[in-house]
Amino acid sequence: MNSVALSVRTFFRNRVLDVISIASKPHSGIHILNGHFLSLDAAANARIFENMLSKLEKKGVKFVDFTYAAERISSKNIPINECLVAFTWDDGFEECFTKIKPVLDRRNIKACFFINPNFIDGSEEYRENFTKNIVMVNKPPMDWDMVKALHADGHIIGAHTLDHLSLNSDDKAFLVKQIIGSKDRIESVLNDSVEHFAFPFGQLKYISELGVEVACKKFPYVYSQSNYTNYFSFNGKIINRRHFECSWPVNHVIYFLKSKKF
């Protein structure tokens, strides 16, 4: 989809959400919200995320650590009278460290950051292609020192493949390289195990059954960014997250904090 078509679609989507989200309220359960950056506007201030969190709290949302949420979802230990929200971010953009982490730290919220090692390790030419043609967001990556600082401060580092490519493939060698290769590279830097994996692009169509099999053999926890009204997909193998961004209107976020089922 080109940028003009995306802008038009986003405009009309937001106008519809403006209307249908007016009376929204958070529903009981555990919700993992997944973003990518603070804002598409490079000049945006972290206060937009602070304000979102404050408004969500006033609506009765309680923020919990990512690992706590993942463990409770996996064990199907779901609250019936409170709305718990945890956060993840994909792709490893620099502003996750410089703008988002300080907000989380002030509230003592531990999140998960899913990264692509080759985005960090790659040449300038590689990064240009990655941002322009793969993720289509013109933002630089964190460096390994930032990743290590996140890890040292108690945030979780997850794998997101080496190159952010679709895993809708039956080429096992390719899948192993992208999935397990990303795990190995991160573990070599952090000197710690990586237990969480989110596949790129998030929709269920972007990973094959074989891809799920390869991932689940190496990671205790595997995530989509799809099918968010259900806790699991692929017969209980994949935990579903819901897309959001820090710059969204808070009513839009609340609209997606719906009741979920197994």
Side-chain angles (χ1 to χ4, degrees), residues 30-37 65-74 85-93 96-97 100-101 104 110-120 130 134-137 139 141-142 147 150-151 155-169 174-187 189-190 192-228 230-234 236-246 256 260:
I30 305 181
H31 308 267
I32 299 178
L33 295 180
N34 179 62
H36 299 81
F37 39 74
D65 290 346
F66 165 74
T67 52
Y68 176 83
E71 289 166 3
R72 286 196 62 169
I73 291 171
S74 294
V85 169
F87 294 101
T88 66
W89 278 269
D90 287 357
D91 305 344
F93 295 116
C96 287
F97 184 82
I100 292 171
K101 178 182 183 294
L104 296 173
K110 304 303 181 185
C112 181
F113 297 86
F114 291 96
I115 65 172
N116 306 99
N118 283 353
F119 186 29
I120 301 174
F130 186 95
I134 305 298
V135 296
M136 292 178 285
V137 177
K139 293 181 181 290
M142 291 187 282
V147 173
L150 283 167
H151 176 257
H155 297 285
I156 303 301
I157 304 302
H160 197 44
T161 72
L162 287 172
D163 299 298
H164 202 290
L165 300 175
S166 170
L167 300 181
N168 186 15
S169 171
F174 164 77
L175 295 170
V176 167
K177 177 183 177 182
Q178 288 296 321
I179 298 169
I180 300 176
S182 62
K183 175 182 173 71
D184 291 345
R185 176 60 178 140
I186 298 168
E187 289 180 342
V189 174
L190 299 182
D192 197 1
S193 61
V194 174
E195 297 188 337
H196 302 268
F197 174 78
F199 62 89
F201 305 110
Q203 295 181 39
L204 302 179
K205 66 182 179 180
Y206 289 112
I207 190 168
S208 64
E209 290 279 0
L210 180 58
V212 173
E213 179 184 328
V214 171
C216 289
K217 281 184 177 179
K218 286 293 183 178
F219 295 90
Y221 304 93
V222 179
Y223 304 86
S224 80
Q225 185 190 271
S226 191
N227 196 23
Y228 74 100
N230 294 281
Y231 280 106
F232 298 101
S233 293
F234 283 94
K237 296 177 182 177
I238 287 181
I239 297 174
N240 297 320
R241 304 173 294 165
R242 167 65 210 181
H243 180 215
F244 94 112
E245 299 298 347
C246 301
F256 293 113
K260 303 171 68 131

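Position 1 is the first residue of the sequence, and the numbers go up from there.
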Notebook entry, point to check: Going through the distances and angles, do Phe66 and His196 end up as a ring pair (Phe, Tyr, Trp, His ring centres under 6.0 Å)?
Noted result: CA-CA 11 Å; Phe66 165 74; His196 302 268; 4.9 Å; yes

Note to self: Would Phe119 and Phe93 count as a side-chain contact (heavy atoms from CB on, under 4.5 Å) here? Give the steps.
What the structure shows: CA-CA 9 Å; Phe119 186 29; Phe93 295 116; 3.9 Å; yes

Note to self: Let's go through Phe197 and Phe114 carefully: what are the C-alpha distance in whole Å and the side-chain angles of both, what is the deciding distance for ring pair (Phe, Tyr, Trp, His ring centres under 6.0 Å) to 0.1 Å, and is it a yes or a no?
What the structure shows: CA-CA 7 Å; Phe197 174 78; Phe114 291 96; 7.8 Å; no

Note to self: Apply side-chain contact (heavy atoms from CB on, under 4.5 Å) to residues Phe113 and Ile156 and explain how you reach the verdict.
What the structure shows: CA-CA 6 Å; Phe113 297 86; Ile156 303 301; over 6 Å; no

Check: So Ile238 and Val212, side-chain contact (heavy atoms from CB on, under 4.5 Å) or not? Walk me through it.
Finding: CA-CA 8 Å; Ile238 287 181; Val212 173; 3.7 Å; yes

Checklist line | Gln225 vs Asn240, side-chain contact (heavy atoms from CB on, under 4.5 Å): CA-CA, chis, key distance, verdict | finding: CA-CA 6 Å; Gln225 185 190 271; Asn240 297 320; over 6 Å; no

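The heavy-atom pair separating Gly92 from Ile115 by the smallest distance is CA-CG2, 4.0 Å. Taking all atoms of both residues into account, the shortest heavy-atom contact from Ile30 to Ala69 is CG2-CB, 3.7 Å. Considering every non-hydrogen atom in both Ile186 and Pro117, the closest pair reads CG1-CG, 3.8 Å. Of all heavy-atom pairs spanning Arg72 and Tyr68, the tightest one is NH1-OH, 2.7 Å. Closest approach of Ser74 to Ile239, counting heavy atoms only: OG-CD1, 3.6 Å.
The shortest side-chain heavy-atom distance between Trp89 and Leu104 falls under the 4.5 Å cut-off. Taking 4.5 Å as the limit, every side-chain heavy atom of Leu167 sits out of range of all side-chain heavy atoms of Val214. No side-chain heavy atom of Ile157 sits less than 4.5 Å from a side-chain heavy atom of Cys112. With contacts defined as side-chain heavy-atom distances shorter than 4.5 Å, the pair Phe232/Phe234 does not qualify. Counting heavy atoms from C-beta outward, Arg185 and Ile120 have side chains that stay 4.5 Å or more apart. Here the side chains of Asp90 and Asn34 are in contact, with some heavy-atom distance below 4.5 Å. Side-chain contact between Gln178 and Leu162 is present, with at least one heavy-atom pair separated by less than 4.5 Å. In this structure, Glu187 and Lys183 have side chains that are in contact, with non-hydrogen atoms separated by less than 4.5 Å.
Side-chain contact check for Asp163 and Asn118: at least one donor-acceptor pair (N or O, by modelled atom type) lies under 3.5 Å. Between Ser208 and Asn168, the side chains place no donor N or O within less than 3.5 Å of an acceptor N or O (distance only, hydrogens not considered). Side-chain contact, Ser224 with Arg241: no donor N or O sits under 3.5 Å from an acceptor N or O.
Residue His155 holds its NE2 atom at 13.0 Å from OG1 of Thr88, rounded to the nearest 0.5 Å. In this structure, NZ in Lys217 is found 11.5 Å from CD1 in Ile179, a value given to the nearest 0.5 Å. Taken to the nearest 0.5 Å, the CG atom of Asn116 stands 8.0 Å off from the OG atom of Ser182. Summarising the geometry, atom NZ belonging to Lys260 is positioned 9.0 Å from atom CG belonging to Asn227; distances are rounded to the nearest 0.5 Å. The OH atom of Tyr221 sits 12.5 Å away from the SG atom of Cys216 when rounded to the nearest 0.5 Å.
Aromatic ring centres of Phe244 and Phe87: separated by under 6.0 Å.
Heavy-atom neighbours of Lys139 NZ from other residues, nucleotides or ligands within 6.0 Å: above the threshold of 12.
Using cut-offs of 30° and 60° on the angle between ring planes, the pair Phe201 and His164 is perpendicular.
The pair Lys218-Asp184 fails the salt-bridge criterion, with no side-chain N (NZ, NE, NH1 or NH2) lying under 4.0 Å from an Asp/Glu carboxylate O.
Under the salt bridge (Lys or Arg N to Asp or Glu O under 4.0 Å) criterion, Lys101 pairs with Asp105, Asp153, not counting sequence neighbours. Applying the salt bridge (Lys or Arg N to Asp or Glu O under 4.0 Å) test to Lys110 and every residue at least two apart in sequence or in another chain returns nothing.
Side-chain atoms of Asp91 do not come within 3.5 Å of backbone N or O of His36 as any donor-acceptor pair.
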